[in-house]
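Heads up: the structure comes next, in structure tokens.
This is a predicted model, so every value here is computed, not measured. Atoms considered below: every heavy atom in the structure, side chains included; atoms not considered: hydrogens, waters and symmetry mates.
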Amino acid sequence: MYGLLRRLAGVSIGSSSKGYASFTLRDVVRETSDEAGTLLARFAKHIAVERYKDENHVLSPTTIRYADYFPITDDRYFQRSVEKTAASQLPALIIHASSYRANAATPKYAMALNALDAQCVSQLDKMDTTTVLETLYAFLFLIPNWLKRTDFYYKAVNRLAREFHHDDSKERFVQVCFYLGLQKKTQNTSELRSLLESHLEKHLPNLSEMDLAVICNAAYKTSTLVTGELREAFESALIRGILSIQLGNGQDALLVSYVKSLRLQRAGTEEVCRHLANICMNPAEISQLEPRGLTHILAFFAEQLWDQSDCLKVLVDRLSPLNMRAKDFATFLWASAQLNIQFSASRLKQLELVALRKLENREYDYFPDNLVDTCLSLSCFGHYSKQLIDAAEDLKASQRRQRAQPKVDSRLTTLRSAIAIEQPSWSELQSQEIFKEFARTPSYLLKDRSDLTTYARDLTSDAEIEGVDLVCPISGINLPSLRVQTVSNPSKIYFVELLTPQQTLRFSQQPTSLMRLKRRLLESLGQKVVVLHSDKMASNAKELQELLEASSETKKDESDVALGLSI
């Protein structure tokens, strides 16, 4: 029997429009969960209610019987019966299959899934919109983890998006957004973008908390930005939702959905930051938030540069990196580095061990970008792990032929630069390959940096300054600097970093993580670095020297203070 199962496991069962089955015996044997994620389950229940609120959602009476199909005694007879089933009766047949599932033999159940999928595809042209939505929900009820595996799903959602009309109801709009959002960003998600652009404005004022959360989640999962004239109204709705939501009875999931959507929109206000900080500082409220949700809130604070120390300490203390997914762990490290949370050496070693355990468990195998981000964030803390770095190089090299990831490649270049400067024995690169003192800043980096170009002209007018160049001296770090050379004998060279508000943390006024890394690397190369804010700019060489001396003293004082956080 075991040998038979092994042979069947690699064989496709049934037929589909693609010429092979959507499900194999191996899929059914390995499936261990009858339920999808809790948020998906909540959304599915909401969709179930929404479709019956829609007055246009009128179904044909059920005319088929369970006994006409199940239990399956003859595979060919079952497939012929399914093929004779009218389009309007397919949702009821799929629901009947859920009753059969508990007692079904695994090969027969896999065959039934494929037969149902194939028939739904063949009958799609004969289904009205109500039947399409009902069939999708029936599959969602039957196989919540596998809906996207069906051929019917992709053909159905494309049709729903294409045929959606302006006079369609709010309930139908929410349902279509939900199903489109299941595609995630790896698929072609232009349908959701078009749907939101065309119809969100009409329905936005009438959306409930749950409706808005469904749309937020769909947009986030598919990386679909709401742009144009509608953007402000959508972001205002998200902000109102965050400020008004009452935690309890699972509302924390909706709050996190709104936060994730704001992150995608790259929007936020001081009011939202203060509200979320108050939640984090309230033991009764923060206890209602799941760790994954807290990770999103920490990342939101990092993107908003909100480094309120007492809030961050409470937040970080509640997070256990060991229990995070590799993706969430990378986010946690990046946000902690961005917010300048000072981990002790022992804590950094613990974080490295967490990453090594995830590496051993093969959590990075298909996501080398998460490992690259983890290594780069650790390097921002001044902590390096050769084992993690070597693994990141190997994984990225093996993936290079599969798909281009320019952002990840750029981060890997930055990581290599940091290693070559601070761990030269690990790198084949020489410091002169990394440090390009006169590398001219590309024009696109100066597009919105009139402060730099103006300041360069102002410094040039000082008689004690020989020249000012706009440069990007560290390979991979595309943050422009001013290289200032004095006329003194011997002449002195300064790298001036002029911070924008987007590079400055809200409370401490410290630079963001990449700017701090750049400064540290330049100083490791023996260069003099002066970090200035736009309201505290030096006007001549003497003031630059005074600021450099003051900065050295401040840096020394800061190195004596560390916020030690433990897992």
key: Stepwise side chain to side chain contact (heavy atoms under 4.5 Å, CB included) test for L333 and D373   = CA-CA 8 Å; L333 284 177; D373 289 345; over 6 Å; no
message = Evaluate Q509 against T504 for side-chain hydrogen bond (donor to acceptor under 3.5 Å, both in side chains), listing each step before the verdict.
response = CA-CA 5 Å; Q509 294 296 296; T504 309; 5.3 Å; no
task = Evaluate the side chain to side chain contact (heavy atoms under 4.5 Å, CB included) criterion for residues F173 and L195: first the C-alpha distance (whole Å), next the side-chain angles of each, then the deciding distance (0.1 Å), finally the verdict.
result = CA-CA 9 Å; F173 173 71; L195 185 69; 3.9 Å; yes
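- Separation of atoms CG (L505) and OG (S513) is listed at 8.5 Å; rounding is to 0.5 Å.
- In this structure the side chain of L207 reaches within 4.5 angstrom of the side chain of L200, judged on heavy atoms.
- Figure legend: K327 and F367 shown without cation-pi pairing, the cationic atom not lying both under 6.0 angstrom from the six-membered ring centre and within 45 degrees of its axis.
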Side-chain donor-acceptor pairs under 3.5 Å in residues 296-305, sequence neighbours left out?
unit_1: H296; atom_1: ND1; unit_2: R263; atom_2: NH1; d: 3.0
unit_1: E303; atom_1: OE1; unit_2: R263; atom_2: NE; d: 3.1
unit_1: E303; atom_1: OE2; unit_2: R263; atom_2: NE; d: 3.1
unit_1: E303; atom_1: OE2; unit_2: R263; atom_2: NH2; d: 3.0
unit_1: Q304; atom_1: NE2; unit_2: A267; atom_2: O; d: 3.4

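- In this structure, CD in E497 is found 8.0 Å from CG in L482, a value given to the nearest 0.5 Å.
- Side chain of R516 to backbone of A337: a donor-acceptor contact under 3.5 angstrom is found.
- Residues L521 and I477 have side chains in contact (heavy-atom distance under 4.5 Å, counting atoms from C-beta outward).
- Residue P473 forms a side-chain contact (heavy atoms from CB on, under 4.5 Å) with just one option from R483, K518, E437, and that option is K518.
- A 4.5 Å side-chain heavy-atom check between S208 and H46 finds at least one atom pair inside the cut-off.
- You'll find the side chain of L514 stays beyond 4.5 Å of the side chain of C380, heavy atoms only.
- Proximity of F332 to M324: side-chain heavy atoms (C-beta onward) are separated by under 4.5 Å at one or more points.
- Considering every non-hydrogen atom in both L238 and C216, the closest pair reads CD2-SG, 3.0 Å.
- Atom CD1 of I286 is separated from atom CG of D252 by 12.0 Å, given to the nearest 0.5 angstrom.
- The OG atom of S377 sits 10.0 Å away from the CG atom of L415 when rounded to the nearest 0.5 Å.
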ask   = Would I419 and S379 satisfy side chain to side chain contact (heavy atoms under 4.5 Å, CB included), going step by step from the backbone distance to the final call?
value = CA-CA 8 Å; I419 295 166; S379 73; over 6 Å; no
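- Within 6.0 Å of CD in E360 there are 12 or fewer heavy atoms belonging to other residues, nucleotides or ligands.
- Distance alone, capped at 3.5 Å, is enough to place a donor-acceptor pair between the T295 side chain and the P291 backbone.
- With rounding to the nearest 0.5 Å, the separation of CD1 in I215 from NE2 in H203 is 8.5 Å.
- Checking side-chain atoms of S287 against main-chain N and O of A284 turns up a donor-acceptor pair under 3.5 Å.
- A side-chain donor-acceptor contact under 3.5 Å links S417 to the backbone of S475.
- Shortest non-hydrogen contact noted between C375 and I389 is SG-N, 3.9 Å.
- Put simply, the side chain of F343 does not reach to within 4.5 Å of the side chain of H383, judged on heavy atoms.
- For the pair Y258 and E209, the minimum side-chain heavy-atom distance is below 4.5 Å.
- Nearest heavy-atom pair across Q265 and T224 is OE1-O, 4.4 Å.
- Considering all non-hydrogen atoms of both residues, L262 and E235 come closest at CD2-O, 4.4 Å.
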ask   = Does the side-chain hydrogen bond (donor to acceptor under 3.5 Å, both in side chains) test come out yes or no for N340 and Q338, once each step is laid out?
value = CA-CA 5 Å; N340 200 22; Q338 180 79 330; over 6 Å; no
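- Of all non-hydrogen atoms in Q387 and L359, the two that sit nearest each other are O-CD2, 4.4 Å.
- The neighbour count for R231 CZ, taken as heavy atoms of other residues, nucleotides or ligands under 6.0 Å away, is above 12.
- Here the straight-line distance linking atom CG of L247 with atom CG of L255 works out to 6.0 Å at 0.5 Å rounding.
- Between the side chain of Q288 and the main chain of G248, a donor-acceptor pair closer than 3.5 Å is present.
- A salt bridge is defined here as a Lys NZ or Arg NE, NH1 or NH2 lying under 4.0 Å from an Asp or Glu carboxylate O, and E523 with R520 fails to meet this definition.
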message = side chain to side chain contact (heavy atoms under 4.5 Å, CB included) for L348 and E352? Distances and angles first, verdict last.
response = CA-CA 6 Å; L348 288 170; E352 177 193 345; over 6 Å; no
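- With contacts defined as side-chain heavy-atom distances shorter than 4.5 Å, the pair W306/R274 qualifies.
- The two atoms that bring F507 and D307 nearest to each other are N-OD1, 2.7 Å, heavy atoms only.
- The environment of CD in E433 is crowded: more than 12 heavy-atom neighbours from other residues, nucleotides or ligands sit within 6.0 Å.
- Enclosure of atom CD in Q246 is not indicated, since only 12 or fewer non-hydrogen atoms of other residues, nucleotides or ligands lie within 6.0 angstrom.
- Residue pairs satisfying the salt bridge (charged side-chain N to carboxylate O under 4.0 Å, His left out) criterion with at least one member in residues 279-298, sequence neighbours excluded, are listed as follows: R292-D328.
- Open room surrounds CZ on R357; 12 or fewer heavy atoms of other groups in view lie less than 6.0 Å from it.
- At distances below 3.5 Å, at least one donor-acceptor pair connects side-chain atoms of S236 with backbone N or O atoms of E232.
- The ring of F139 has its center no closer than 6.0 angstrom to the ring center of Y153.
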